[in-house]
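What follows is a set of notes on a single structure, which appears directly below.
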Number of protein chains: 2
Amino acid sequence: MALNKKQEFSELQNQIATFAKALSHPARVAILEKLADCNKCICGDIVEVMPLSQSTVSQHLKELKNAGLIQGIIEGASSCYCINWENLEKELETLNNIFSQLKTKNDSVICCVVKEQ
Amino acid sequence: MALNKKQEFSELQNQIATFAKALSHPARVAILEKLADCNKCICGDIVEVMPLSQSTVSQHLKELKNAGLIQGIIEGASSCYCINWENLEKELETLNNIFSQLKTKNDSVICCVVKEQ
DNA sequence: TTCTCTTATCGTATATTTACGATATAAGAT
DNA sequence: ATCTTATATCGTAAATATACGATAAGAGAA
């Protein structure tokens, strides 16, 4: 079957999973690094430094855009991409917050003791 | 085709992608929340609160374990799972570090200007 | 207009992920 | 020894992701 059970989880759980999924391929991490690095952010420049075809890079760009982590604008014949820092930092904060909350909870609880081996 | 190109990316890019992939399904986020919350961490307790079958939950637990985010020990007939905070926090820090470094770089650069629309 | 250049999308093949039921395994109870 | 209980693994079906070449679409040059 492999039915989609994602809607059975909370909004927040899905939000974190969606953000993480956007970062779950090294090519997309590499694209974000390149976008932060280059001062023109032209699609072709990204393709040039990636070990992937133009169409595959375009697909990864689309996924990052859908996740809200980057923005793209058309500049004549080419497209210019930028990191959407507002969203990216918001997502990062959500991720950090949830784990620091969990840590606090976990510290006050006697959980299974893992013996050193 | 769909050849695996992951080894063409850097160690760090792959490390981040692997961590993100572990968090890229809401069920695995839910498991981490449950592990932080319950004070017994028995596999069956997790299965009970999840909208998934025992075998599927077991599979997700295995992935979290492979990513180093949780640890499991056998306690008689059942298994007890715990969050591996040391690894989890290390991975989170790596993620935070890379983006704060990128942000610093990006701030000093004239990137494509996105017009407000 | 026609040619070229750039990027997005389509079609498609393959790989991986997700999900479940069935089964194996191992511990504890009877 | 047999039964039960708990969990991991196997087998498998379906969904999704990854990757590429081909093609479409739109801009700018000739």
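- Checked by atom type and distance alone, the side chain of B:Glu91 never pairs as donor or acceptor with a backbone atom of B:Leu88 at under 3.5 Å.
- Counting heavy-atom neighbours within 6.0 Å of B:Glu48 CD, excluding the residue itself, gives a total of 12 or less.
- A heavy-atom distance below 4.5 Å is not found between the side chains of A:Trp85 and A:Ile70.
- The interatomic distance linking A:Gln59 (CD) with D:dT23 (C1') rounds to 15 Å, in whole Å.
- Between B:Thr56 and B:Ser53, the side chains place a donor N or O and an acceptor N or O closer than 3.5 Å (distance only, hydrogens not considered).
- What separates CD of B:Glu75 from P of C:dA27 is a distance of 14 Å, to the nearest Å.
- Shown for residues 6-32 of chain B: no residue has heavy atoms falling under 4.0 angstrom of DNA chain D.
- Distance B:Lys5 NZ to C:dA13 P: 19 Å, rounded to the nearest Å.
- Put simply, the side chain of A:Thr18 gets close to the backbone of A:Asn14: a donor and an acceptor are under 3.5 Å apart.
- In this structure a side-chain-to-backbone donor-acceptor pair under 3.5 Å is present from B:Asn96 to B:Leu92.
- Listed in residue order, the members of residues 60-69 of chain B having a heavy atom less than 4.0 Å from DNA chain C are B:His60, B:Glu63.
- The pair B:Lys105-A:Asp37 meets the salt-bridge criterion, since a charged nitrogen lies less than 4.0 angstrom from a carboxylate oxygen.
- Between B:Ile46 and B:Lys34, the closest heavy-atom pair is CG1-CG, 4.2 Å.
- Qualifying side-chain hydrogen bond (donor to acceptor under 3.5 Å, both in side chains) partners for B:Glu93, counting only residues two or more places apart in sequence or in other chains: none.
- Regarding contacts with the backbone of C:dT9, every side-chain N or O of A:Ser58 stays at 4.0 angstrom or more from both OP1 and OP2.
- Residue-level contact check: B:Thr56 touches the bases, meaning some heavy atom is under 4.0 Å from a base atom.
- Of the side-chain N and O atoms in A:Ser79, one or more sit less than 4.0 angstrom from OP1 or OP2 of C:dA8.
- A donor-acceptor distance shorter than 3.5 angstrom exists from the side chain of A:Thr94 to the backbone of A:Lys90, with no hydrogens or angles considered.
- Using a 4.0 Å cutoff on non-hydrogen atoms, the parts of residues 42-55 of chain B near DNA chain D are B:Ile42, B:Cys43, B:Gly44, B:Gln54, B:Ser55, ordered by number.
- Rounded to 10 degrees, the angle separating the terminal helix axes of the helix from C:dT1-D:dA30 to C:dT30-D:dA1, each built from five base pairs, is 10°.
- A donor-acceptor pair is defined here as one N or O able to donate and one able to accept, closer than 3.5 Å; such a pair exists between the side chain of A:Thr104 and the backbone of A:Ser100.
- Under a 3.5 Å cut-off, the side chain of B:Arg28 and the backbone N or O of B:Ala22 do form a donor-acceptor pair.
- In this structure, A:Asn4 places its CG atom 11 Å from C1' of D:dA14, rounding to the nearest Å.
- Checking the phosphate oxygens (OP1, OP2) of D:dA6, no side-chain nitrogen or oxygen of B:Tyr81 falls inside 4.0 Å.
- Applying the salt bridge (charged side-chain N to carboxylate O under 4.0 Å, His left out) test to pairs two or more places apart or on separate chains, none has a residue in residues 2-19 of chain A.
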